[in-house]
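Here's the structure, in structure tokens; my notes come after.
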Protein chains: 2
Amino acid sequence: MTRRSFQRLSEDARRNDLLEATLAVIADCGINAASARRIAERAGVSAGLIRHYFASKEEMLHAAYAHLIGQLISTAAEQADLGGTDADARLAGFVEANLSAPNLSDFKLSLWATFIGMIRSDAAYAAIHRDGYREFLEMLQVMIAPVRAAHELPATPADCRLLAIALNGLIDGLWLEGSLEHGLYDPRELAAIGLRAAEDILRLPEGTLLRHRAGQ
Amino acid sequence: MTRRSFQRLSEDARRNDLLEATLAVIADCGINAASARRIAERAGVSAGLIRHYFASKEEMLHAAYAHLIGQLISTAAEQADLGGTDADARLAGFVEANLSAPNLSDFKLSLWATFIGMIRSDAAYAAIHRDGYREFLEMLQVMIAPVRAAHELPATPADCRLLAIALNGLIDGLWLEGSLEHGLYDPRELAAIGLRAAEDILRLPEGTLLRHRAGQ
DNA sequence: GTCATTGTTTTACAGTCGTACAACAAGACG
DNA sequence: CGTCTTGTTGTACGACTGTAAAACAATGAC
């Protein structure tokens with residue numbers, strides 16, 4: 001018996017590989033088929049290594065969920081940052097990022113749904129969900145305030161929080177329908193639909209957000 | 001060894017018990033813990049019996065998903081029927097049913113999400129999802145037409161289909177946010193929010209749907 | 001070049017999984 | 001009451017599960 005040759009990786013790199021492999025296997029094979037052995041194989045690693053980075057497979061799944069949420073949020077935050085100091089552009093970028101690739105994808109939706117299905121029976125998933133939701137809402141609220149203020153609309157924290165909730169509902173609904181790929185609207189249209197609806201919800205003049213659309 | 005005493009049930013009754021037990025275990029314990037043995041125990045039956053009603057556990061899961069979708073749709077259809085021949089009341093009832101108990105629940109959301117997470121890796125789930133979505137859309141389209149016509153608004157099948165898609169997105173988004181129980185709005189308000197937004201989407205006079213609200 | 005460290009593989013194990021099938025008993029029918 | 005049908009139970013089996021731990025080898029320090 002000759003042993004497999006291998007390469008030592010930094011803790012961060014290997015951990016990341018395992019998390020990405022976990023997500024890939026769940027999305028491609030389903031959560032039921034996502035065994036430790038299959039995930040390890042996908043990561044190009046032996047099954048035993050998992051326990052070197054995570055206390056249990058369950059802990060790795062929790063970390064993978066947090067990893068996914070982090071990707072979704074940071075992708076949106078990065079696109080918002082492309083707007084620089086322009087409040088309208090920042091908000092538009094944030095909304096658009098959530099309604100276009102890579103956040104808009106059946107891959108991510110499949111994972112999101114799988115984990116959402118577990119928050120009822122596992123408090124760890126529920127906590128990760130709650131934290132991500134809070135962070136998302138807070139970012140929205142912070143971005144909404146200056147946009148509303150610039151158009152001389154009420155923009156107290158309380159106002160903006162309610163608007164953030166409504167906007168989050170809109171984004172979630174459109175993201176869900178778009179990612180489910182019902183083929184009912186061109187994915188490229190989705191961001192425009194969302195930006196237009198966001199203007200309505202925030203009572204902004206027509207085009208305030210839409211003219212900052214990056215795609216197309 | 002003395003055998004457990006048991007009762008023979010009709011095929012329909014036993015099948016239904018097994019499907020309900022399947023859903024209950026998935027929601028309460030998570031899909032990973034939903035083994036055939038645990039499901040059988042929940043149904044008050046031995047594990048071997050499953051194979052008498054379903055060719056495999058997988059087939060039972062598929063049937064359970066279809067069962068859930070059927071519940072969601074028929075609950076909404078029944079509440080629509082309470083509106084009798086009044087087109088406005090029928091549509092309002094349909095929308096409201098999807099935004100209040102029993103359709104609005106963390107139990108049902110948990111199941112819905114779990115199955116949605118599997119449509120990417122299993123064609124059988126995808127087919128069930130597609131069929132349910134089509135049926136839902138068609139019901140909306142049929143109910144929208146007379147409401148629009150009564151207010152002398154365009155109501156061709158093409159018009160109503162687009163409106164049904166938009167309305168479905170709204171319902172899905174609100175249902176999702178409401179069922180996730182973020183505690184951000186009173187569940188009783190949700191139906192009112194949805195009816196009000198539906199009036200906007202369909203360009204109906206204020207109160208057209210809202211005054212048919214059954215709850216409260 | 002040698003050694004120590006430790007990331008990685010391999011093997012082993014007890015438990016659980018889905019399921020096939022034989023034994024049984026509940027209910028229907030005469 | 002006896003007999004037949006078949007819904008239901010109990011058991012057995014091989015495959016797979018998560019995980020513990022020993023054996024090993026890649027890398028860095030000197």
Side-chain angles (χ1 to χ4, degrees), chain A residues 1-26 28-65 114 118 121-122 124-125, chain B residues 1-26 28-65 114 118 121-122 124-125:
Chain A
M1 272 322 266
T2 162
R3 282 200 160 212
R4 220 167 86 190
S5 81
F6 59 89
Q7 206 180 349
R8 300 174 105 128
L9 256 57
S10 74
E11 178 169 341
D12 281 0
R14 188 65 88 194
R15 217 183 116 91
N16 199 267
D17 284 355
L18 283 171
L19 294 179
E20 293 285 349
T22 302
L23 296 178
V25 171
I26 292 174
D28 289 347
C29 312
I31 182 75
N32 275 328
S35 66
R37 282 172 176 79
R38 216 182 303 261
I39 290 169
E41 182 190 20
R42 182 81 161 231
V45 127
S46 74
L49 190 59
I50 287 177
R51 295 263 305 143
H52 196 265
Y53 289 90
F54 302 95
S56 66
K57 181 202 172 191
E58 199 184 359
E59 190 192 289
M60 184 170 70
L61 289 180
H62 294 158
Y65 180 32
T114 298
M118 305 177 92
S121 54
D122 186 324
Y125 291 109
Chain B
M1 275 317 272
T2 161
R3 280 199 161 214
R4 220 168 88 192
S5 79
F6 59 89
Q7 207 179 350
R8 302 176 105 132
L9 256 57
S10 75
E11 178 169 341
D12 280 0
R14 189 63 87 193
R15 218 183 116 91
N16 198 268
D17 283 356
L18 284 170
L19 293 179
E20 293 285 348
T22 302
L23 296 179
V25 171
I26 293 174
D28 288 348
C29 312
I31 182 74
N32 275 329
S35 66
R37 282 173 176 81
R38 217 181 304 262
I39 291 169
E41 182 189 22
R42 182 79 161 232
V45 127
S46 74
L49 190 59
I50 287 176
R51 294 262 306 141
H52 198 265
Y53 288 91
F54 302 96
S56 66
K57 182 202 171 192
E58 200 185 356
E59 190 191 289
M60 184 170 71
L61 288 180
H62 294 157
Y65 180 33
T114 298
M118 306 177 93
S121 55
D122 186 323
Y125 291 109

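Letters go in sequence order (proteins before strands), and every chain restarts at 1.
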Qualifying side-chain hydrogen bond (donor to acceptor under 3.5 Å, both in side chains) pairs with a residue from residues 13-22 of chain A, counting only residues at least two apart or across chains: A:Glu20-A:His67, A:Glu20-A:Gln71

Pairs flagged by side-chain hydrogen bond (donor to acceptor under 3.5 Å, both in side chains) wherever residues 35-50 of chain B is involved - sequence neighbours left out: B:Asp28-B:Arg42

Whole angstrom is fine here: how far is it from [atom1] in [X] over to [atom2] in [N]?
{"X": "B:Leu61", "N": "C:dC17", "atom1": "CG", "atom2": "P", "answer": "13 Å"}
{"X": "B:Arg15", "N": "D:dT8", "atom1": "CZ", "atom2": "C1'", "answer": "18 Å"}
{"X": "B:Met60", "N": "C:dC17", "atom1": "CE", "atom2": "P", "answer": "13 Å"}
{"X": "A:Asn32", "N": "D:dT17", "atom1": "CG", "atom2": "C1'", "answer": "13 Å"}

Plane angle bin for A:Tyr125 and A:His62 - parallel if under 30°, tilted between 30 and 60°, otherwise perpendicular: perpendicular

Just how far is it from atom [atom1] of [X] to atom [atom2] of [Y], taken to the nearest 0.5 Å?
{"X": "B:Leu61", "Y": "B:Ile39", "atom1": "CG", "atom2": "CD1", "answer": "6.0 Å"}
{"X": "A:Met60", "Y": "A:Ile50", "atom1": "CE", "atom2": "CD1", "answer": "3.5 Å"}
{"X": "A:Asn32", "Y": "B:Thr114", "atom1": "CG", "atom2": "OG1", "answer": "10.0 Å"}
{"X": "A:Tyr53", "Y": "A:Leu19", "atom1": "OH", "atom2": "CG", "answer": "11.5 Å"}

Near-strand residues of residues 33-44 of chain A, defined as heavy-atom separation under 4.0 angstrom from DNA chain D: A:Ser35, A:Ala36, A:Arg37, A:Arg38

Near-strand residues of residues 52-59 of chain B, defined as heavy-atom separation under 4.0 angstrom from DNA chain D: B:His52, B:Tyr53

Sugar-phosphate only, base, or nothing, as touched by B:Ile50 at under 4.0 Å among non-hydrogen atoms: nothing

Sugar-phosphate only, base, or nothing, as touched by A:Glu11 at under 4.0 Å among non-hydrogen atoms: nothing

Results of side-chain contact (heavy atoms from CB on, under 4.5 Å) for A:Ser10 - residues two or more places apart only: A:Asp12, A:Ala13

Which atom of B:Ala33 lies closest to which atom of B:Cys29, heavy atoms considered: CB-O, 3.5 Å

Under 3.5 Å between N/O atoms: give me all the protein pairs with nucleotides 21-25 of chain D, atom names plus distance.
residue	atom	partner	partner atom	Å
D:dA23	N3	A:Arg3	NH2	3.1

Any pair counted as salt bridge (Lys or Arg N to Asp or Glu O under 4.0 Å), so long as it reaches residues 54-65 of chain A, sequence neighbours left out: none

